[in-house]
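Presented below is the structure to which this report refers.
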Number of protein chains: 4
Amino acid sequence: MNEPSRKRTTSTDVAADRRKQILRAAVEVFAERGFHRTRVSDIAKHAGVAYGLIYHYFDSKDDVLHCVFEDNWAVFMKAIEGLRDDPDLGAADKLKAISALFIDALEVAPATIQVIIQEVARSDRFVQTEKINAFNAAFAVIRTIVEAGQDRGELRPTIDAEVAAYAFFGALETICTGLMLNAVPLRDHRHAERVKETVNQIMLTGLCASTKGP
Amino acid sequence: MNEPSRKRTTSTDVAADRRKQILRAAVEVFAERGFHRTRVSDIAKHAGVAYGLIYHYFDSKDDVLHCVFEDNWAVFMKAIEGLRDDPDLGAADKLKAISALFIDALEVAPATIQVIIQEVARSDRFVQTEKINAFNAAFAVIRTIVEAGQDRGELRPTIDAEVAAYAFFGALETICTGLMLNAVPLRDHRHAERVKETVNQIMLTGLCASTKGP
Amino acid sequence: MNEPSRKRTTSTDVAADRRKQILRAAVEVFAERGFHRTRVSDIAKHAGVAYGLIYHYFDSKDDVLHCVFEDNWAVFMKAIEGLRDDPDLGAADKLKAISALFIDALEVAPATIQVIIQEVARSDRFVQTEKINAFNAAFAVIRTIVEAGQDRGELRPTIDAEVAAYAFFGALETICTGLMLNAVPLRDHRHAERVKETVNQIMLTGLCASTKGP
Amino acid sequence: MNEPSRKRTTSTDVAADRRKQILRAAVEVFAERGFHRTRVSDIAKHAGVAYGLIYHYFDSKDDVLHCVFEDNWAVFMKAIEGLRDDPDLGAADKLKAISALFIDALEVAPATIQVIIQEVARSDRFVQTEKINAFNAAFAVIRTIVEAGQDRGELRPTIDAEVAAYAFFGALETICTGLMLNAVPLRDHRHAERVKETVNQIMLTGLCASTKGP
DNA sequence: AATGAATGAGAGTTCATTCAT
DNA sequence: GATGAATGAACTCTCATTCAT
C-alpha cells in the first residue's frame, strides 16, 4: 500500500490546520457511519470545506483513513517502544502502562480509537491487502516485553510469547470496542480505572481465585 | 437488519445442496478478498453457478454473509450455552472448553472463522448498523459463566465480569486473527494444543510467574 | 495501449447485434460532438440502451473508440494489402484504387471516416500515447507500393518513398476532412468521381500543365 | 469562439515577457502531452509561475491554445498572403515557397508546428465547434493561387482547385506529422531540403515517371 | 431451476477557474 | 503582479439487483 501522503507538509500553519480540521472531521464521520458508508462529501460537509479540498490535502479517501491511523498510531508506538526500552520497569509494570495508555486514549478520544480499531486494525482493507497487519509492530513490541519478562523470571516461562501478545492486545482492543458500543463509552474516570484494574488482574494474575501451584 | 432468508427451505435436497454450495464458495472468497471487495459474480464464479441464481437462494449479498454467520454461529452458541448450563463443570473448565471450541474450529475451518471474525464480528456492517454487536449473545454467556464462577468462589470476585468477558473473547479472537495472518494458520495439532494451553494459562492464572498472595 | 476488447465474442447473435448497435450509435455521436465532448451517457441514450450496458460490451469509453477504429480499419487494411500484393496492377493503378477506396468510403459512411480521421488518426490520444501512429501500417503499405513502382520504372526514382506515402495519405485524408466540413460531404456521385480524378491527376501527374522534361 | 485575449497588451515589457514565457511553456507541454492531457498547473510548473498567474494573461486554458495558434499562424498567413499577391512569381514557385515555409518552420520550431497541426488544425475543438476550420483562410489562399495559375495556363485546368488546396495542404501537414513521430524530426538540413524537393516533385509533376502528353 | 443481459443509482476523482491575501 | 488554497460541476466507472427467456 502507498505511503500516506505528506502533501505540503505544513508549508504554512494554515495548511496544517486545514489538514487537521479535515482529519478531525473524518474521524468523527468514520466513527459514526463507518468508513465505507462515509462519502467524501460527508467528510467535506462535516469539516465545512468544499468537496475538492479534501484532494488538496489527501490523495484519496483511503489516504484520509491512512493518515488518521498514522498520525495517531505513531504516538502510541513511540510510547510503547519507550516502555519496552525502559530498564527501570518490570514486565508487569510495562504491560500495565500499556493498558493504561489504551484505556486513557479511549477516555480522551473514543472516536479516534474506534476508527483505528474498527476501520484499520480490523478492516479487511488492512488485514488482507497488506498481508502485514498494521498492528504487527505493536504485537512485536509486546512480545519483546513478554520475552524479556520471561528471561528475567518475572513472567511464566511456559507461555508462548507470541500468543500472549495477541491475547493481551486483543483483550484490550475488544474491551475498547465493547465499551464503545454502549451509549456512554466510559461512564467516568473511576470506571476507566476499574477497567484498567480488571485487565491487569486478568492478564497478570488470571481469573482464578485459587492460588497457583499445587 | 432483516432476518437472514430462509427462502425455499429445503424444498428439495437439491435446493439445500445448492444453497450450501453457494455458501461454501462465499466463505472462501470472502476469506480471500474480504466481503466488500467480493462481487456477487465472484461468489457465483467460485460456486460454478450463474450469478442470478444467488438471488434465488438469498435476498442480497448482505444476506449471504448473514447466512454464513448464522449457520455457523448458531452451532457455536448452542455449544457455549450448553456449557453455561452444565452443572457439573467449574467455571475454569467451562472457559477452557470455550477456548478449545474456538481453536479447534480454527483448525478445522479457518476460512469460516476468519469471515465470521473479520466480516461480521468486527465489521462496521454489524457493529454500527445494529448498535447491537452480533457477538453480544456470546459475551453474555461468558459473562454469566464468570459471574457464576465468582459466586461460587472459583473466580476472583474483584473482577468486572463484563470486562472479563470482553477480554476473554477478544484474546481468543485476536489469537485466531494473528495466527491466520501467518501463512500456515496452525502448523499442526500440537501447535493448536500449545495455543490453547497458553490461552488458558494466561486467562486463568495470569502472565506473572510470582505466586499469588502471601 | 490495451487491445480493444473482444468481450463475449458473439456468444449469441443478440450479443453481436447489441455490440454493433452501440458501436453505430457511438460513431454517430462521436462524429457529431467529438470524442471528448461525448459522454458515455450520450452513447447510451443514442443507442437506446442503459448506461451500464456499454460496460458489458466494452471496457471503457476509450475502448469503444478503439473498437470503432479496429472494426473498420481492419477492412481497409485488408483491402490495401490485397492491392499491394496484386501482381497484375501497376503502381499507379494501385494508388488510384486506394484513392477510390477512401472516397467511396466517405460517400458510404462519412461519419465513420470522420471519426477515424479526427478522433483516432489525428488525435493526440493515439499519436502521443502509442508513439506509433495507428496509421503506420497503412503508410508502410503505400510506401511499399511506391518503392515497387520505382523499381519497376513506373514511378519517379528520385522521390523519397516515405515522404511520398505521407503526402499521398495526407492529401486523401485532408480532402476527406475538408469535404466533410461542408454541410453536404459529397454533393453526389459525380462529385465523388471528380474528386477522385483530381487526386489522381495531382498525385500521379502533378499540378503543372507544362510537360515534363526539357 | 471568443477572440483570443489581448489582455493587458504589453502594459509593460515585463508583462509581455511573462506572456511569452507562458506561451513558450504551453507549446512545450502541449507538444509533449497533448492539449487535453495537459493541466493548467502543468503549464504553470513548466513556465515556473504560479498557476493562478495564467489567468492574468489568458482567459482560460482554451485561450492559451488559441493564442499559441494565433501568434504563430498570423505570421504564416501574412507570408502566404504576400506570396499570393506577388505578381512576379509563377504559381509553381508560390507553391514551392509555401512548402519551404512549412518545412523550414518544422526545422526551427517543431513543437509549435506539432501543436498547431495536432491540437488546433485537427482538433475537434476547432473543426467541430466553429464549423469553420481554422485553416480555411490558408486553404483559400492556396486555392486562389491554384486558380490564378490555371487562368494563366501554368497549372492544369482540369483540376478542382478546392480539392487541390486540400491535397497540397494535407500532404504538407501529414509529412510534418509523420516526420515528427520519428525520434529525430529532421535529421539535418540536407534532409529538410530533400523533403521539400520530394513534395514539390510530387505535387507539381506527379509521382509517375512517364512523360505527360501523347 | 437457471441464466446472464440489462439497468441505473451511486461514488470517487479530476481539474478549470475563482478569489482572498 | 503574484500566489496557491478553495470551489464544485462534470464525468467515468462499478456493481448490486432485476427480469425476460
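Sequence lines set the chain letters: A, B, ... in the order given, protein chains first and strands last, and positions in each chain run from 1.
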*Before giving the answer on side chain to side chain contact (heavy atoms under 4.5 Å, CB included), spell out for F30(C) and V64(C) the whole-Å C-alpha distance, their side-chain angles and the decisive distance to 0.1 Å.*
CA-CA 10 Å; F30(C) 287 163; V64(C) 175; 4.2 Å; yes
*Can R39(C) and D42(C) be said to form a salt bridge (charged side-chain N to carboxylate O under 4.0 Å, His left out), step by step?*
CA-CA 5 Å; R39(C) 288 159 298 179; D42(C) 292 332; 3.4 Å; yes
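Distance, R37(B) CZ to dA16(F) P: 13 Å, rounded to whole Å. Atom CZ in F58(A) sits about 15 Å away from atom P in dT14(E), given to the nearest Å. Atom CG in L53(C) sits about 15 Å away from atom P in dT14(F), given to the nearest Å. For the pair H36(C) NE2 and dA10(F) P, the interatomic distance rounds to 14 Å; values are reported in whole Å. Atom P of nucleotide dG10(E) and atom NZ of K61(A) are separated by 15 Å, given to the nearest angstrom. In this structure, CZ of R39(A) is placed 16 Å from C1' of dT13(E), rounded to the nearest angstrom. The interatomic distance linking R33(B) (CZ) with dT14(F) (C1') rounds to 13 Å, in whole Å. If you measure from atom CZ of R19(B) to atom P of dA2(E), you get 15 Å, rounded to the nearest angstrom.
Side-chain atoms of R18(D) and Q21(D) include a donor-acceptor pair closer than 3.5 Å.
Annotation: side chain of H56(C) is not in contact with side chain of V49(C) (no heavy-atom distance under 4.5 Å). Counting heavy atoms from C-beta on, the side chains of F35(A) and V115(A) never come closer than 4.5 Å.
The distance from the CD1 atom of I116(C) to the CD atom of E70(C) is 10.0 Å, given to the nearest 0.5 Å. Separating the OH atom in Y51(D) from the NZ atom in K45(D) is a distance of 10.5 Å, to the nearest 0.5 Å.
Between Y57(A) and dA5(F), a side-chain N or O to OP1/OP2 separation shorter than 4.0 Å is absent. In this structure, R18(C) does not reach the dA5(E) phosphate: none of its side-chain N or O atoms is under 4.0 Å from OP1 or OP2.
Interface residues of residues 41-50 of chain A facing DNA chain F, ordered by number: V49(A), A50(A); criterion, heavy-atom separation under 4.0 Å.
Of the listed residues (D63(D), I22(D), L23(D)), just one forms a side chain to side chain contact (heavy atoms under 4.5 Å, CB included) with Y57(D), and that residue is I22(D).
Picking from dA16(E), dA2(F), dA5(E) the nucleotide with the shortest atom distance to the side chain of Y55(D) gives dA16(E). Listed nucleotides: dA5(E), dT12(F), dA1(E). Nearest to the side chain of V40(C): dT12(F).
With hydrogens and angles ignored, a donor-acceptor pair under 3.5 angstrom links the side chain of H56(A) to the base of dA6(F). For Y51(B) and dA5(E), a side-chain-to-base donor-acceptor distance below 3.5 Å is present, hydrogens and geometry of angles not being considered.
Nearer to the 5' terminus of DNA chain E, by closest-nucleotide assignment, is the contact made by G52(C) (compared with the other of G52(C) and S60(D)).
Partners of V29(B) according to the side chain to side chain contact (heavy atoms under 4.5 Å, CB included) rule, which considers only residues two or more places apart in sequence or in another chain, are T38(B), I43(B), H46(B).
Closest heavy-atom contact between Y55(B) and S60(B): CE2-CA, 4.0 Å.
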*How would DNA chain E look in dot-bracket form, 5' to 3', counting Watson-Crick and G-U wobble pairs with both distances under 3.5 Å and writing | for bases paired to another strand?*
.||||||||||||||||||||
